[in-house]
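Data first, discussion second: the structure below is written as structure tokens.
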Amino acid sequence: EAFLSNIKIGGRINEPLMMVQYKLKSGDLFSDMAMGLSMLKRGKLAFLSPRTKDMPSVRRIFEKTK
Amino acid sequence: MKVSYYPGCSLHATGKEYDLSVKAVSQALGIELKEIDDWSCCGATAAHSTNFKLSVALPARNLIAAEKDAMDVMVPCAACFNRFKMAEHHLKKDKALKAEVEEIVGGKYQGGIAIRNPIDIIYKDIGIDALEKKVVKKLEGLKPVSYYGCLLLRPPEVCEFDDYENPIQMDKIMAALGADVKPWSYKTDCCGGSLTLGNMSNVKGIGFKMVDKLMTMAREAGANCLVAACPVCMANLDERSSENVRLPVFYFTELIALALGLPGPENWIKMHNIDSRPLLSSLGLL
């Protein structure tokens, strides 16, 4: 659900944001930090990926499939 | 040849090397890629395990956009590929669903373009012989096992790709590059990828074990590395291996680029967790 809410925001997954959201929801933010930081160092977490422009169409899909 | 390109969310982030290597290899092999306009997430596991219509509508939005370019679409990510094929399957089978989804997305789905993954495009459209001719640096000494994962091939009537028990296309591609491909029985076993970013007790309890199994079996088969074609498999195998057995993992396109002498591999492998530079340098490949 962290995944789907991510899509509702930007049309695409923002992996770092989603990971944080997920970890917070499951109440366990820190035990995986090592992997997260290592990925960050290697350039794998794209914080500034472009978003889908036509967000209304994406939101509409969520609305109509409830 | 020209195809549309759907990178999907992973290829812009954790699967960056896959995106870069697919693009480099496509260019070298004469495949022109046109990224689909304003694409959105395919929904992957989250959509299909919670809401059927959503799981069809999200890919459908992209398929309808892709049809505007009137070209087949290349989908490197195995999860996206699987979701696109699934959506195509349901839209073609169920007229009522198709009408509903078209109304929701706002466009007509013709079903006229093919959904392809890069292994398939390279194997069928470029061909092994043509690929072999372009090799400038044979990957001698590299002993990969081909790891296809579960999503590219199953369900077989949906994916319409290689043999689902013993696929060979990636193996043949690797062999064409001069690598000593090792046969093994774990080509399509799940790596547990969907557990990778989840609950840590699942990761430690099952995730590590699944990766460990694959790594151990790869070593037993005589391999010194694994080759994958899915960003989640890659992330999982690369990040979640135990101290027990730790073999480097590559995207098959990274190895094609290496064999074709293209610029980039040295940078891409730096993004991996398990360092493959010792192996590659020892073989004179880097």
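Just so we're on the same page: letters track the sequence lines, and every chain starts at 1.
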Under 4.5 Å from any heavy atom of chain A - which part of Ser10(B): both

Value rounded to 0.5 Å, distance of CD1 in Ile61(A) from NZ in Lys53(B): 13.0 Å

Pair Glu100(B) + Lys64(A): basic N to acidic O under 4.0 Å: no

From Phe62(A) atom CZ to Asn51(B) atom CG, the distance as rounded to the nearest 0.5 Å: 8.5 Å

Proximity breakdown for Ile7(A) and chain B, heavy-atom pairs closer than 4.5 Å: side chain

Interatomic spacing from OG in Ser57(A) to CD1 in Ile64(B) - rounded to 0.5 Å: 10.5 Å

Flag for Ser40(B)-Arg12(A): side-chain donor and acceptor within less than 3.5 Å: no

Contacting region of Asp37(B) [heavy-atom separation from chain A under 4.5 Å]: neither

Residue pair Arg61(B) / Asp54(A), side-chain heavy-atom distance below 4.5 Å: yes

Top contributor to chain A contacts, counting heavy-atom pairs under 4.5 Å, from His272(B), Glu17(B), Met271(B): Met271(B)

Neighbour count above 12 (heavy atom, 6.0 Å) for Lys34(B) NZ: yes

Working for side-chain contact (heavy atoms from CB on, under 4.5 Å), residues Leu54(B) and Leu4(A): CA-CA 10 Å; Leu54(B) 180 68; Leu4(A) 294 176; 3.9 Å; yes

Atom NZ of Lys213(B): over 12 foreign heavy atoms under 6.0 Å: no

N-O pairing of Glu239(B) and Arg42(A) below 4.0 Å: yes

Whether over 12 other heavy atoms sit under 6.0 Å from Glu266(B) CD: yes

